[in-house]
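Since the structure comes first, as structure tokens, the remarks are kept for the end.
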Amino acid sequence: MAAALIAGAFGTAGTAQAASQQDNFSGGVLNDTAVVDGGVELAMFSESFSTSPAWTTTQWAIPDCPADGGSNVAGGVMSVDAARVDSGTGQEGSSLKFRATFGGEPFQHVGFGVDFNAVSRWAMFTTSNTTNKVYARVENGTVSTAVEVPNVTPGNAYDFRIDWKPSGFDFFVNGTLVPEPATGPHPAITLPMTAQISDCLKPAMSSVPVTVDSMLLNTKTTGTYTSKVFDAGTAAVTGINFSGTSASGITYETSTSSDNVNWTPFSTGAIQPARYFKYRATFSAANPGVSPRLSTATVDFSIASPPAGGGNNTPPSDTKKPKLGLPRDADVNRRGKVKILLTCPDDELFCRAALVFKSGRKTIASKSGKIAGGDSRYITLKLSTAAKKQLAKARKLKVAATLTVVDAAGNKRTSSKKIWLYPM
């Protein structure tokens with residue numbers, strides 16, 4: 001679904017040029033919302049594990065799970081082995097979403113709990129005491145339910161979701177509701193629990209961690225996202241077009257300013273043309289489990305021609321080629337994906353970047369993307385099958401990286417650099 005907001009008044013001088021800026025949501029204000037996979041959703045927290053979150057890791061080291069272990073975050077993946085990791089957050093009415101790979105080892109759990117041991121209270125996906133199955137399981141201290149999840153095999157990644165309702169729990173895998181146990185619905189839990197990840201390593205068991213690529217906790221049904229300030233520069237802006245794609249449940253308001261100090265009130269009415277612009281998206285959902293999503297937002301500026309009779313309100317000619325840096329090395333995850341962080345200079349409106357990896361004469365990965373001026377963005381490339389095998393065998397791989405960048409004025413710079421790739 002697309003929404004467009006267009007200025008209610010236009011100058012009479014005509015349009016000399018136009019420019020656009022895409023919001024990557026990194027500079028806005030999130031209120032009961034979070035940036036999830038490049039878009040904005042209602043959320044209490046959202047972890048992509050690009051860095052280690054401030055969660056609590058506890059080594060098991062108890063009679064049932066005697067091995068000491070811990071957690072590790074690398075390449076956008078949290079691995080938990082012989083330990084329990086607690087987010088410290090969770091409540092009735094929450095919806096917990098995560099992408100995880102169970103390791104084909106008994107007693108691996110991801111979901112809501114207290115300690116997955118002494119306190120018998122949890123709602124989780126678990127391998128239970130098996131190596132080849134995954135179950136949806138609830139225990140409230142009095143009633144215990146468990147049902148095998150169909151078509152889910154340890155060793156493969158799936159999108160899991162647990163909705164914590166006043167009446168009980170609903171479990172989903174890849175968007176499909178898991179059938180309730182034949183014995184009856186999962187019982188309700190009203191006492192506190194938090195989102196947790198656990199791996200209990202028992203004697204004579206192999207050490208295979210449970211890994212989680214992302215985790216998101218929704219507890220809200222309303223929230224807002226207020227964008228960063230968009231600047232058209234020294235030109236006079238006579239029209240601004242905003243477009244966003246989303247599910248139903250989002251309303252948009254805009255505000256403009258001529259000096260970035262005094263702003264018009266946020267309004268759904270006609271936009272007052274000005275140099276500076278920002279927007280606010282208000283989210284509303286029937287339940288926390290299904291959030292509206294703002295996927296893209298592009299602000300288009302129509303630039304006025306110089307006024308008749310002299311004067312000049314067009315920006316000066318831009319002939320400077322954009323320059324972006326590349327790292328000396330990078331990590332490759334087990335799926336063959338490598339993230340390269342690129343930063344568009346502050347003095348650019350935006351940068352269009354195309355990155356190519358070659359090994360010898362063969363192209364082994366390529367990806368392109370758009371970065372707003374002054375912002376940073378990860379470009380994720382996926383290695384070819386042959387390159388993945390070569391990297392796995394040699395444990396390192398030198399590639400020729402070629403980066404081509406074009407700015408809003410059409411200035412183009414191509415640079416090359418040798419980069420070492422290492423497996424995680």
Is there side-chain contact between T343 and I371, with at least one heavy-atom pair below 4.5 Å? no
May I ask you to decide if G336's main-chain N or O and K388's side chain share a donor-acceptor pair within less than 3.5 Å? no
So with a 6.0 Å cut-off around NZ of K417, is the heavy-atom count from everything else above 12? yes
Using 0.5 Å steps for rounding, measure from the OH atom of Y378 to the CD1 atom of I340. 9.5 Å
Of all heavy-atom pairs linking V208 and Q108, the shortest is O-NE2, 2.6 Å
Roughly how far, to the nearest 0.5 Å, is CG of L42 from CG of L294? 11.5 Å
Give me the atom names and distance for the closest heavy-atom approach of I162 to A123. CD1-O, 3.6 Å
Run V40 and I250 through side chain to side chain contact (heavy atoms under 4.5 Å, CB included) and show every step you take. CA-CA 11 Å; V40 180; I250 304 180; over 6 Å; no
With under 30° as parallel and over 60° as perpendicular, where do the rings of F277 and F230 fit, or are they tilted in between? tilted
Got a donor-acceptor contact below 3.5 angstrom from the R121 side chain to the P192 backbone? yes
Which heavy-atom pair separates F25 from S295 by the least distance, and what is that distance? CE1-O, 3.6 Å
Hey, what do you get for CD1 (I419) to NZ (K398), rounding to the nearest 0.5 Å? 11.5 Å
Determine whether more than 12 heavy atoms belonging to other residues, nucleotides or ligands lie under 6.0 Å from atom NZ of K382. no
Pairwise distance CG(L381) to CG(L383) - rounded to 0.5 angstrom: 8.0 Å
Would you check if the side chain of R413 reaches a backbone N or O of K321 as a donor-acceptor pair within less than 3.5 Å? yes
Shortest non-hydrogen separation from S94 to L217 and the atoms involved: CB-CD1, 3.6 Å
P187 and N140 have their tightest heavy-atom pair at CB-ND2, 3.5 Å
Y279 side chain near D23 side chain, heavy-atom distance below 4.5 Å: yes
Kindly say whether A34 contributes a backbone atom to a donor-acceptor pair with the side chain of E41 at under 3.5 angstrom? no
Looking only at atom types and distance, does a side-chain atom of D159 sit under 3.5 Å from a main-chain N or O of R99, one as donor and one as acceptor? no
Between the side chain of W164 and the main-chain N/O of I189, is any donor-acceptor distance below 3.5 Å? yes
Tell me if a side-chain donor or acceptor on S50 pairs with a main-chain N or O of G76 at a distance below 3.5 Å. no
Does some side-chain heavy atom of N72 sit less than 4.5 Å from a side-chain heavy atom of S52? no
Taking D213 first and then K337, would you say they form a salt bridge - that is, a charged N and a carboxylate O separated by under 4.0 Å? no
Does a donor on one side chain sit under 3.5 Å from an acceptor on the other, for D259 and S257? yes
Taking the side chain as every heavy atom from C-beta outward, state whether M215 and V110 have any pair of such atoms under 4.5 Å apart. yes
Are the side chain of S255 and the backbone of T264 linked by a donor-acceptor contact shorter than 3.5 Å? yes
Donor-acceptor check, side chain of T127 to backbone of E105, threshold 3.5 angstrom: yes or no? yes
Electrostatic pair R161:D163 at N-O distance under 4.0 angstrom: yes
Mark yes or no for whether Y158, through its side chain, and F102, through its backbone, hold a donor-acceptor pair below 3.5 Å. no
Answer whether the closest heavy-atom distance between the side chains of K278 and F266 falls below 4.5 Å. yes
Under the criterion side chain to side chain contact (heavy atoms under 4.5 Å, CB included), I'd like the reasoning laid out for V147 against H186: C-alpha separation, chi angles, the key distance, then a yes or no. CA-CA 10 Å; V147 60; H186 297 292; 4.3 Å; yes
Verify the distance criterion only: is there a donor paired with an acceptor across the side chains of S198 and H109 at less than 3.5 Å? no
Evaluate the side-chain proximity of S207 to D81: yes if any heavy-atom separation is below 4.5 Å, no if none is. yes
Measuring from E180:CD to F169:CZ, what's the distance to the nearest 0.5 Å? 12.5 Å
What heavy-atom pair brings M124 and F171 nearest, and what distance separates the two atoms? O-CE2, 3.6 Å
Tell me, with the steps shown, if R377 and L342 meet side chain to side chain contact (heavy atoms under 4.5 Å, CB included). CA-CA 6 Å; R377 175 183 173 185; L342 300 178; over 6 Å; no
Decide side chain to side chain contact (heavy atoms under 4.5 Å, CB included) for L397 and I364; before the verdict, give the C-alpha distance in whole Å, the side-chain angles of both, and the deciding distance to 0.1 Å. CA-CA 11 Å; L397 178 64; I364 61 171; 4.2 Å; yes
For atom NZ of K358, decide whether the heavy atoms of other residues, nucleotides or ligands shown that lie under 6.0 angstrom number more than 12. no
Please walk me through it: do D170 and K165 pass salt bridge (charged side-chain N to carboxylate O under 4.0 Å, His left out)? CA-CA 8 Å; D170 287 336; K165 306 183 301 181; 2.9 Å; yes
Nearest 0.5 Å, what's the CD-NZ distance between Q390 and K362? 9.5 Å
Look at the aromatic rings of F49 and W55 and report parallel, tilted or perpendicular, splitting at 30° and 60°. perpendicular
Could you tell me if the side chain of L201 sits less than 4.5 Å from the side chain of W60, heavy atoms only? no
Of T56, T58, T57, which is the lone residue that meets side-chain hydrogen bond (donor to acceptor under 3.5 Å, both in side chains) with S71? T57
T101 and R334, any side-chain heavy atoms less than 4.5 Å apart: yes
